[in-house]
Protein chains: 2
Amino acid sequence: MQEVLPLKTVGLVVEYNPFHNGHLYHLTESKRVTNADAVIAVMSGSFLQRGEPALVDKWARTKMALFGGCDIVIELPYLYAVQHASLFARGAVAALDQLKVDTVAFGSEDGSIDRFQETIRFMEQNKASYEKYLHLYLQKGFSYPRASSAAYSEIKPPAFNGVDLSAPNNILGIQYCEAVKDLESSITPYTITREKAGYHDPEPGDSAIASATSIRNRLLSEEYSLDDVRPFVPETTFDVLKEFYKTHGQWHQWNDYFPYIQHQLITKSPKELGLIYEMEEGLEYRFKKAVTKAGDFESFMDYVKTKRYTRTRLQRSLVHLLLGTTKKQAGELVHPLRPDYIRVLGMSENGRNYLNGIKKDIDVPLISNASKGDSIPALEKDIQAATVHYLPLVLRGTGSPVREYTAHPIRVNKNEEASI
Amino acid sequence: MQEVLPLKTVGLVVEYNPFHNGHLYHLTESKRVTNADAVIAVMSGSFLQRGEPALVDKWARTKMALFGGCDIVIELPYLYAVQHASLFARGAVAALDQLKVDTVAFGSEDGSIDRFQETIRFMEQNKASYEKYLHLYLQKGFSYPRASSAAYSEIKPPAFNGVDLSAPNNILGIQYCEAVKDLESSITPYTITREKAGYHDPEPGDSAIASATSIRNRLLSEEYSLDDVRPFVPETTFDVLKEFYKTHGQWHQWNDYFPYIQHQLITKSPKELGLIYEMEEGLEYRFKKAVTKAGDFESFMDYVKTKRYTRTRLQRSLVHLLLGTTKKQAGELVHPLRPDYIRVLGMSENGRNYLNGIKKDIDVPLISNASKGDSIPALEKDIQAATVHYLPLVLRGTGSPVREYTAHPIRVNKNEEASI
């Protein structure tokens, strides 16, 4: 009898908002350099790390991911997804660890995994002075990411060839590597140099690779049509986007959730708002004041912006307000060394076989249908997040509030996959 | 020097949603039978006793009231307005008592104030057996108003000529008379027989008097235009309605607030919902279940309706949910023997003189500008209610969230008043 070798798997931490050519490149490269047979992606669900609603729901994005070559897509629970880099990375790596991936491959501006490891060692050795400077810059009113990067610059000797910690994907990369260490996981981290497009570039360039930000900007702008993003995404993504827009007639964006934010800020007292997760240092008063002035989300953000907090940080606290997540709840649900459950959003035939092979070794509930796991508080929060995410569609009459309980993992066949 | 006789005043408890010919008749008759020089109305603000948003805001309705002959319009605070008959009446009479009205005149199906007083005496004398039957019918699953009326029928001897307590305005009338007694007030109650239109008649009849319900139904129906209500309202009301619709392009109705209810029901746990005022006996589970099925307010009400609770009772609990009012808050703010403040929404020249004459004797804050009283918790709740009431207009871009702090009492001159 022929021995069946176990599949070699690489884990990716993704948002795919939407899945584009840059992601396809990263996925293909990750598979190549790690010599993997299967790709397991842990993906943000309805709301994203930057504190924004996903442009299209997680089911549509799961389709894009599977068409793009992922074999399993699982959901990063909302309270890890809508988080600063450290918890985001820890939640994601813990989930991949449960799924026994051999490697994790992240995109970075740096491109050298050795330099990441050296940087971590250097920062551990110089922890005290790093933290001194971090504290100093925070007191000066710097946002956390800027303070962290400035503190690192202060302690870094000119000769030390560490990674540039002002680059957003390098910051995340450090966190992935640290998460692997914290978990004492056997996962081997790899990094792939990101191709061309800057993370936040607002406009696509000449190549077939554009940032997700620039693609979203085109989709949300009235000056462009769906066809204008076609050069930057696989045809399979294009088809999913087209189908979504045909069905719902709109993309999800913050402004559609602003009425709920207004309502919350009007009806909640500062004390009640202060119970919300990440509502710190008087943000509740700032928000309450701004809501009497602003007629839409963008002008609201203009009123509340401050040097101390990044836009991302402000948006995250608004997502928590939108989902009614209190500090108490977050305290109970966030414990990043082990996920509460693994929720499968989709899989290929290959992925299904892999999952069947390992599922006896997964020591948390493996959820493929939300209705069977709705007594898990963290999962209930994800279901809430998805249900709130759908609300603008329900309002328009193109979405159903019950969907989350009836949805099953997306399945695609090998021959439907995208190619470069 | 000529002696200035103090004005003789009659108090009315009103909602004016909208002010129509029946109201004008009642107002004129009230003035005539009580021989009053001035009319003081205490009016529900943004949300009404039946647990509904007012069709047009309180400022527009104040205009209608002043044009219709009221001299002073004050606001019945939300937590008394959106209440069962007993607290509604007590809150209103306590406010009128502060304004030293000589009489209060209410419309009723009965028309004899002596029979109201006799009925009250009879019920006091037979309190124990009334309450026994009330309890019995409530246990059978009757709604409170139906159980109360049935208990009264059980104890009433055939010879006793009391008022019919199945008629909605008689029920309220009993409460006004009882409130006067409870307050040990010197106010003399009068009642005026209601002309023709039944309180809840869905369709106007042939006369110039139609129920507010039937007028609202016409305004909200796509089959009718504004002109179709013209025969039933004074021209001054018609002009205010026309101006409102021209500015805002819509009337306020429950369905426009349903998205906020959906959002609240999705994001709050049954336990959190249970903290809301009037959320009793598992209503929170009933509501949570219905929200996964219903796409609009009417179908939501179809899912939640129950024999035990009237639609009015269900709607009131939804208003409290919409305004985030907890049982704890209501417990602190509802104490019906003395209002926390008197808020003036509008006045005529006559009314202004009267108010100037008595204001030194009013022993609660007299508020004519919300920004000067926003440290009074009950007033803050009214401001919240008005701000939430505006939200659909803010969403449409035809209303401003700050309005409540900048609004001043409406003033009209004598020659602008309506006539029959």
Side-chain angles (χ1 to χ4, degrees), chain A residues 255-273 275-276 288-296 300 319-326 328-329 371 374 377 380-381 383-406, chain B residues 255-273 275-276 288-296 300 319-326 328-329 371 374 377 380-381 383-406:
Chain A
N255 203 45
D256 294 329
Y257 303 89
F258 186 55
Y260 307 109
I261 294 294
Q262 284 181 298
H263 176 245
Q264 287 298 290
L265 291 176
I266 290 165
T267 55
K268 282 196 157 84
S269 67
K271 199 180 145 195
E272 288 169 313
L273 290 172
L275 300 177
I276 295 293
K288 255 188 108 73
K289 202 171 164 197
V291 84
T292 63
K293 296 179 186 164
D296 60 33
F300 180 76
V319 171
H320 302 316
L321 175 61
L322 182 67
L323 302 181
T325 308
T326 59
K328 186 167 169 281
Q329 274 182 331
S371 64
D374 65 358
E380 228 172 282
K381 215 63 209 167
I383 294 166
Q384 263 181 29
T387 313
V388 170
H389 187 255
Y390 293 154
L391 276 179
L393 305 185
V394 177
L395 193 58
R396 207 187 173 107
T398 68
S400 145
V402 290
R403 178 167 171 186
E404 195 63 9
Y405 284 110
T406 53
Chain B
N255 204 45
D256 293 330
Y257 303 89
F258 187 55
Y260 307 109
I261 293 293
Q262 285 181 298
H263 176 244
Q264 287 299 289
L265 291 176
I266 290 165
T267 53
K268 281 194 157 82
S269 67
K271 201 180 145 195
E272 288 168 314
L273 290 172
L275 300 177
I276 295 295
K288 255 188 108 73
K289 202 171 162 193
V291 85
T292 63
K293 296 177 186 166
D296 59 35
F300 179 76
V319 171
H320 302 315
L321 175 61
L322 182 67
L323 301 180
T325 308
T326 59
K328 187 166 169 282
Q329 274 182 330
S371 64
D374 65 357
E380 226 172 285
K381 215 61 208 171
I383 295 166
Q384 262 181 32
T387 313
V388 169
H389 187 255
Y390 294 153
L391 276 179
L393 305 185
V394 177
L395 193 58
R396 208 189 172 104
T398 69
S400 142
V402 289
R403 178 168 171 181
E404 196 62 9
Y405 283 110
T406 54

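Just so it is clear: chains get the letters A, B, ... in the order the sequence lines come, proteins before strands, and each one is counted from 1. Bear in mind that the values here come from a model prediction, so they are computed numbers and not experimental data.
Atoms CD and OG, from A:Q384 and B:S269 in turn, are 8.0 Å apart once rounded to the nearest 0.5 Å. Here the CD atom belonging to B:Q264 is positioned 4.5 Å from the CD atom belonging to A:Q264, to the nearest 0.5 angstrom.
Applying the salt bridge (charged side-chain N to carboxylate O under 4.0 Å, His left out) rule to A:K328 yields the partners A:E332; only residues at least two apart in sequence or on another chain are considered. By the side-chain contact (heavy atoms from CB on, under 4.5 Å) test, B:K289 pairs with B:K293, sequence neighbours left out.
Between A:H263 and B:Y260, the ring-plane angle classifies as tilted under the 30° and 60° cut-offs.
Screening B:T267, B:T292, B:I266 against A:T387 for a side-chain contact (heavy atoms from CB on, under 4.5 Å) leaves a single residue, B:I266.
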